[in-house]
Amino acid sequence: MENAPSLCPLIESIAHERGLSVAHDTHYDAGNWQFWWWEGAIHRALDVQPYPDGRIEVAHLSTRYPVLPKLLAWARRAIPFFPEMGRADRQLLVRLQSPPMERLRDAIEAGLRVSRVTNRDGTTV
């Protein structure tokens, strides 16, 4: 994952500009980053996953919960062995091979536009 160190400033910059939460290593040995937000009862995320061969995938994730979505999502993160109650969907948006950071930024921005992300100040992207 040769470009992973240079990804961190880019990811943090986009998260700060958009007022989004960002998480790193969201699943076992992934080395990924996820921008995440809530749209009503749906937990949305844009996943940026670098691979050892230099490629980077950007995917949109959405998880729907049957009831009390934020409580169930919190419980899954905070309580060991708490069952996954949400139904997750993953849509690959782009796969880039050793991309320059500008192309990766463009791909992330496009993924956030598709998702109609609302910034903390109430504006919609």
Side-chain angles (χ1 to χ4, degrees):
M1 292 190 258
E2 63 194 40
N3 42 13
S6 59
L7 280 177
C8 189
L10 173 68
I11 299 295
E12 289 174 353
S13 169
I14 293 171
H16 179 73
E17 291 167 13
R18 299 296 185 106
L20 295 172
S21 297
V22 66
H24 184 255
D25 287 337
T26 61
H27 48 281
Y28 179 75
D29 203 24
N32 68 322
W33 282 270
Q34 280 187 1
F35 299 96
W36 63 269
W37 64 97
W38 287 93
E39 285 181 8
I42 302 171
H43 182 255
R44 305 250 185 217
L46 193 69
D47 185 66
V48 180
Q49 176 69 62
Y51 289 94
D53 63 2
R55 78 188 141 97
I56 297 175
E57 291 183 352
V58 178
H60 180 259
L61 310 172
S62 66
T63 306
R64 298 173 193 277
Y65 294 88
V67 294
L68 303 169
K70 291 183 181 180
L71 178 64
L72 291 176
W74 169 83
R76 176 73 175 128
R77 287 190 315 272
I79 301 170
F81 304 109
F82 190 85
E84 177 58 65
M85 307 280 296
R87 185 179 58 91
D89 295 316
R90 181 180 189 273
Q91 177 187 7
L92 180 63
L93 299 175
V94 67
R95 179 178 292 134
L96 302 168
Q97 185 64 42
S98 300
M101 287 301 117
E102 298 79 32
R103 284 192 55 211
L104 181 58
R105 179 182 259 288
D106 291 345
I108 292 170
E109 294 284 348
L112 292 173
R113 276 193 298 276
V114 166
S115 302
R116 304 287 301 156
V117 174
T118 303
N119 294 327
R120 286 188 184 138
D121 65 4
T123 58
T124 303
V125 181

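The basis for the numbers below is simple: all heavy atoms, side chains too, and nothing from hydrogens, waters or symmetry mates. Model, not experiment: these values are computed from the prediction.
Transitive grouping of hydrophobic side chains (ILVMFWY, heavy atoms separated by less than 4.5 Å) brings L96 and L10 into a common cluster. One hydrophobic cluster, built from ILVMFWY side chains closer than 4.5 Å, cannot hold both L7 and L61; they sit in different ones. Following chains of ILVMFWY side-chain contacts shorter than 4.5 Å, one cannot reach W38 starting from I42, and the two form parts of different hydrophobic clusters. No path of Ile, Leu, Val, Met, Phe, Trp and Tyr side chains, each step under 4.5 Å between heavy atoms, connects I56 with L92, placing them in separate hydrophobic clusters. No chain of hydrophobic side-chain contacts below 4.5 Å, direct or via other Ile, Leu, Val, Met, Phe, Trp or Tyr residues, connects I108 to W36.
The CD atom of Q34 sits 13.5 Å away from the CZ atom of R44 when rounded to the nearest 0.5 Å. Distance check, rounded to the nearest 0.5 Å: NE2 of H24 to CD of E12 gives 9.5 Å.
The side-chain heavy atoms of L104 and V58, taken from C-beta on, include a pair separated by under 4.5 Å.
For residues 68-82, the pairs satisfying side-chain hydrogen bond (donor to acceptor under 3.5 Å, both in side chains) are R76-E84, with sequence neighbours left out.
Taking all atoms of both residues into account, the shortest heavy-atom contact from G111 to L93 is CA-CD1, 3.6 Å. In this structure, L46 and W37 approach most closely via the heavy-atom pair N-CZ3, 4.0 Å. Scanning all heavy atoms of the two residues, the minimum distance from Y65 to A73 falls at OH-CB, 3.6 Å. The two residues P69 and A41 come nearest to each other via the heavy atoms CB-O, 3.5 Å.
For E57, the salt bridge (Lys or Arg N to Asp or Glu O under 4.0 Å) partners at least two apart in sequence or on another chain are R55, R90, R95. Shown here are the side chain to side chain contact (heavy atoms under 4.5 Å, CB included) partners of A75, two or more places apart in sequence or in another chain: I79, F82. R105 meets the side-chain hydrogen bond (donor to acceptor under 3.5 Å, both in side chains) test with S13, E17, E109; sequence neighbours excluded. Scored by the salt bridge (Lys or Arg N to Asp or Glu O under 4.0 Å) test, R87 finds D89 as partners (sequence neighbours excluded). Shown here are the side chain to side chain contact (heavy atoms under 4.5 Å, CB included) partners of A88, two or more places apart in sequence or in another chain: T63.
Looking only at distances, a side-chain donor or acceptor of Q97 sits under 3.5 Å from a matching main-chain atom of D53. D25 places a side-chain N or O within 3.5 Å of a backbone atom of G31 that can act as its donor or acceptor partner.
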Practice problem: Decide yes or no on side chain to side chain contact (heavy atoms under 4.5 Å, CB included) for I14 and V22, but give the supporting numbers first. | Solution: CA-CA 10 Å; I14 293 171; V22 66; over 6 Å; no
Practice problem: I would like to know whether L112 and L20 meet side chain to side chain contact (heavy atoms under 4.5 Å, CB included); could you show each step before the answer? | Solution: CA-CA 10 Å; L112 292 173; L20 295 172; 3.9 Å; yes
